[in-house]
A.B. asks: 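First the structure, then my questions, so here it is.
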Amino acid sequence: MPGIEAQACLPFERPIYDQLQRVEEIRRALRALEEEMKALREEVPGAPPPPEAAKRLPEIERKHAELSRESKKEEDKCRALTLEVFGRLTPWERVQVARHPARPYARDYFERVFDDVLELHGDRCSGDDGAIFTGLARLGDRRVLLVAQRKGRDTRERLASNFGMARPEGYRKAMAKMRLAERFRLPVVCLIDTPGAYPGIDAEERGQAWAIAESILEMCRLEVPLVAAVIGEGGSGGALAIGVADRVYILENAYYSVISPEGCASILWKSRERASDAAAALRITAADLLHLGVVDGIVEEPLGGAHRDVDEMARRLKATLIGALEDLDGVPVESLLRSRYRKYREIGRHLFAG
Amino acid sequence: MGQSRAGKRETPTGLWTKCDGCSAMLYRSKVEEKLDTCPECGEHFRIGGARRIAITADPGTFEEFGHELKGGDPLGFTVDGKSYGSRLVQERKRRGVNDACITGFAQVKGLRAVLAAMDFTFFGGSMGSIVGEKVALALETARDRGLPCIVFSSSGGARMHEGALSLMQMAKTSAAVAYHRTGRAPFISVLTDPTTGGVTASFAALGDVIIAEPKALIGFAGPRVIQETIRSELPPGFQRSEFLLQKGFVDLIVHRLDMRDRLAQLLEYCL
Ligand SMILES: [Zn+2]
């Protein structure tokens, strides 16, 4: 993960990062003082400090204590500021957090959440899509099939993953590996992070709609537990294609939508500039989706967003996934499928009463 | 999420109408006789759900179900002060239907089936909770009665005014297809102009047999979105029925005048 300095920060994060910078400067000064104190104390190990050091040491110690207090104060200020900014994020700002250049991607969770990850390539039909990862993995003491949408941090990775936009072969690969999971009774864990399925000529030529539809149908009838989590962007049918599951979670600042806010704005508001209006109207935030019954739970992000503490985010995600699988342990296939059917059959019904 | 093309109106008004395929001036009753296709060039004009049922079912055999289903505005979706809820009420009054899909029992050349027909004139035929519900209901009802199900699609995709709930209709209807497949009767999906987005990418692409009307626009992404993405012109005929047949995603293309015959023929083979 890039450090704070390397991160392109979002406009509304600016004050937080300025404050972080101040904290970092103070910490640097503290470290310098500590070095100095250490050097003075250790000039002659065991022996009393030389007269010059004896004169300077108390002075430095006083400065250090003072700076420590200031550091604590500035850290508190930083925390308060982050709480303030992230406590009132607009839906459109959340979309930007979900697309943050430093946002942890599926790959960042691989080693933190899973062990022994073994990638399996190819759709056995026409290719191997870099936008979707499939492979075997260990999650706690379970063996699972991991299906994850990929994004890239640098240009090479971005091109390899087509900016997270899968082609039909990606969905066909996911489907093929899910059948493998079913055969060996492995539960399936899907990490969703895509702006949408790729809208290109080649994708259409190879049946993008068909691949998505078939993947959705396959997940409706797959005879093993399915758990999915939207970790960043849940872009429309391209996300749902690996998103039909017995338990669906979403990270606090991730979003899941039928259309991108920009796309919706350009159709209904006749201007992409109105994306923030569209983001609000579409109810795409985690809390809204929980209310709508589209997701089963929210995974809280560390203060300031998942990118501020990836390890902690990964711990929470791991606990959620394991909890969900524990929940589904021992459920007979028949009732698993029946509840999955009812879940999607009845989604949103409570909002249409009358 | 698509928009209607100018000139492809559902019902041309007046005595005469102009074909936007060949520009011929056509006598309306002649067009109707040809089931809303051009007698000169064969262009298929868009038709609504009720008309579709009327030209598909044997006279007097259609028994509608699910007509009482009526949606609301679950998100309170408002564009520049105008709410989706109020637009729904307005559209219902204007079109005389509750939503963009009509479902019921019927006979096609004496063969019983469940029919569903989508209506592009109602919110672009988009699939919200009611359309999803009715398609699922059609498939479930057909399965429970051992009947084939024929769905005519005509849709710009998911109805964005219902947000992620409309996205979930893709899962709902696909699950219903999976359920229908547990029986032995066929599900015939008929793709008409246009069928795009979340409708194509769910039940419409999942037919045991997939039929397309000639020259219908069929795809996942709309042509405009693709053009914006790749920043170049699309090849001629791209995303049309004939293109999809050639790429292997459609089983057959059937002229509207032959549709009843082909459907009956298929039903006889599959039952
Ligand atoms: Zn003509």
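The sequence lines fix the lettering, A, B, ..., with proteins before strands; numbering per chain opens at 1. It should be emphasised that the depicted structure is a prediction, and the values quoted were computed from it without experimental measurement. These values consider heavy atoms only, across backbone and side chains, with no hydrogens, waters or symmetry-generated copies.
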A.B. asks: Among the options A/Gly263, A/Ala280, A/Ala213, pick out the one with the most heavy-atom pairs lying under 4.5 Å from chain B.
C.D. replies: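 Heavy-atom pairs under 4.5 Å are most numerous for A/Ala213.
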
A.B. asks: Of all the heavy-atom pairs spanning B/Thr78 and A/Trp269, show the shortest one and how long it is.
C.D. replies: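 Minimum heavy-atom contact is O-CZ2, 3.6 Å.
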
A.B. asks: Would you mind checking which part of B/Phe243 comes under 4.5 Å of any heavy atom in chain A, side chain (CB onward), backbone (N, CA, C, O), both or neither?
C.D. replies: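 When you check distances to chain A, only side chain atoms of B/Phe243 fall under 4.5 Å.
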
A.B. asks: Nearest heavy-atom pair of B/Met160 and A/Cys264: which atoms, and what distance?
C.D. replies: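 For B/Met160 versus A/Cys264, the nearest heavy atoms are SD-SG, 3.9 Å.
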
A.B. asks: With rounding to the nearest 0.5 Å, note down the distance linking OG in A/Ser266 to CD in B/Glu228.
C.D. replies: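 Result: 6.5 Å between the selected atoms.
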
A.B. asks: At their closest point, which heavy atom of A/Ile201 faces which heavy atom of B/Pro235, and how far apart are they?
C.D. replies: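 Heavy-atom minimum between the residues: CD1-CD, 3.7 Å.
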
A.B. asks: Are any of the side-chain heavy atoms of A/Val258 and B/Arg159 separated by less than 4.5 Å?
C.D. replies: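 Side-chain contact under 4.5 Å: no.
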
A.B. asks: Please report the closest heavy-atom contact between B/Ala164 and A/Leu289, naming both atoms and the distance.
C.D. replies: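 Shortest heavy-atom separation between B/Ala164 and A/Leu289 comes out as CB-CD2, 3.6 Å.
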
A.B. asks: Counting distance only, does the side-chain N/O of B/Gln239 pair as donor-acceptor with the main-chain N or O of A/Glu204 below 3.5 Å?
C.D. replies: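 No; zero donor-acceptor contacts below 3.5 Å.
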
A.B. asks: Out of B/Gly248, B/Ala175, B/Pro223, which one racks up the most heavy-atom pairs below 4.5 Å with chain A?
C.D. replies: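 Greatest number of close heavy-atom pairs with chain A: B/Ala175.
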
A.B. asks: Which bit of B/Ser202 is near chain A, if near means a heavy-atom gap under 4.5 Å: side chain, backbone, both or neither?
C.D. replies: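 Contact with chain A involves the backbone of B/Ser202 alone.
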
A.B. asks: Can you tell me how far the OH atom of A/Tyr344 sits from the CD atom of B/Gln169, to the nearest 0.5 Å?
C.D. replies: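 The distance works out to 12.0 Å.
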
A.B. asks: Tell me, out of A/Val294, A/Leu217, A/Ile284, who's got the most heavy-atom pairs with chain B below 4.5 Å.
C.D. replies: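 Option with the top pair count is A/Leu217.
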
A.B. asks: Report the option among B/Gly76, B/Gly219, B/Ala176 that has the most heavy-atom pairs separated by less than 4.5 Å from atoms of chain A.
C.D. replies: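 The candidate making the most pairs under 4.5 Å is B/Ala176.
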
A.B. asks: At a 4.5 Å cut-off on heavy atoms, which part of B/Leu206 comes close to chain A: side chain, backbone, both, or neither?
C.D. replies: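 Side chain of B/Leu206 only, per the 4.5 Å heavy-atom cut-off to chain A.
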
A.B. asks: Does any heavy atom of chain B fall under 4.5 Å from the side chain of A/Arg274, the backbone, both, or neither of them?
C.D. replies: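 Only the side chain of A/Arg274 comes within 4.5 Å of chain B.
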
A.B. asks: Heavy-atom cut-off 4.5 Å, strictly under: side chain, backbone, both or neither for B/Ala204 against chain A?
C.D. replies: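 The answer is neither part of B/Ala204.
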
A.B. asks: Looking at B/Leu167 and A/Ser257, what are the two nearest heavy atoms and their distance?
C.D. replies: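 Where B/Leu167 meets A/Ser257 most closely, the heavy atoms are CD2-O, 3.9 Å.
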
A.B. asks: Quick one: do A/Ile216 and B/Lys172 satisfy side-chain contact (heavy atoms from CB on, under 4.5 Å)? Show the steps, please.
C.D. replies: CA-CA 10 Å; A/Ile216 291 172; B/Lys172 187 204 266 184; over 6 Å; no

A.B. asks: Tell me whether B/Glu64 at atom CD has more than 12 heavy atoms from other residues, nucleotides or ligands lying less than 6.0 Å away.
C.D. replies: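 More than 12 within 6.0 Å, yes.
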
A.B. asks: Quick one: does A/Asp277's side chain get under 4.5 Å of B/Asp80's, heavy atoms only?
C.D. replies: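 No - every pair of side-chain heavy atoms lies 4.5 Å or more apart.
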
A.B. asks: With a 4.5 angstrom heavy-atom cut-off, which part of B/Phe249 approaches chain A: side chain, backbone, both or neither?
C.D. replies: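 For B/Phe249, backbone and side chain are both near chain A.
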
A.B. asks: Which region of B/Leu69, side chain (C-beta onward) or backbone (N, CA, C, O), has a non-hydrogen atom less than 4.5 Å from a non-hydrogen atom of chain A, or is it both or neither?
C.D. replies: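 Neither part, no heavy atoms under 4.5 Å.
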
A.B. asks: When rounded to the nearest 0.5 angstrom, what distance separates NZ in B/Lys247 from CH2 in A/Trp210?
C.D. replies: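 Those atoms lie 13.0 Å apart.
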
A.B. asks: How long is the gap from CD1 on B/Ile226 to OH on A/Tyr198, to the nearest 0.5 Å?
C.D. replies: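 Nearest 0.5 Å value for the CD1-OH distance: 9.5 Å.
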
A.B. asks: What's the shortest heavy-atom distance between A/Ala209 and B/Ala205, and which atoms?
C.D. replies: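 That closest heavy-atom pairing would be O-CB, 4.3 Å.
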
A.B. asks: Enter the distance from A/Glu346:CD to B/Glu133:CD here, rounded to the nearest 0.5 Å.
C.D. replies: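 Spacing of CD (A/Glu346) from CD (B/Glu133) equals 9.0 Å.
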
A.B. asks: Do the non-hydrogen side-chain atoms of B/His161 and A/Leu268 ever get within less than 4.5 Å of each other?
C.D. replies: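 Yes. Closest side-chain heavy atoms under 4.5 Å.
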
A.B. asks: More than 12 non-hydrogen atoms from neighbouring residues, nucleotides or ligands closer than 6.0 Å to CD on A/Glu273, yes or no?
C.D. replies: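 Counting neighbours around CD of A/Glu273, 12 or fewer heavy atoms of other residues, nucleotides or ligands fall under 6.0 Å, so no.
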
A.B. asks: Would a distance-only check, ignoring hydrogens and angles, find a side-chain to backbone donor-acceptor pair under 3.5 Å from A/Arg221 to B/Ala178?
C.D. replies: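 Answer holds: no.
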
A.B. asks: Show your working on side-chain contact (heavy atoms from CB on, under 4.5 Å) between B/Met170 and A/Val244 and close with a plain yes or no.
C.D. replies: CA-CA 10 Å; B/Met170 293 171 69; A/Val244 178; over 6 Å; no

A.B. asks: Just wondering, are more than 12 heavy atoms of other shown residues or ligands nearer than 6.0 Å to CD in A/Glu334?
C.D. replies: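 Incorrect, the count does not exceed 12.
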
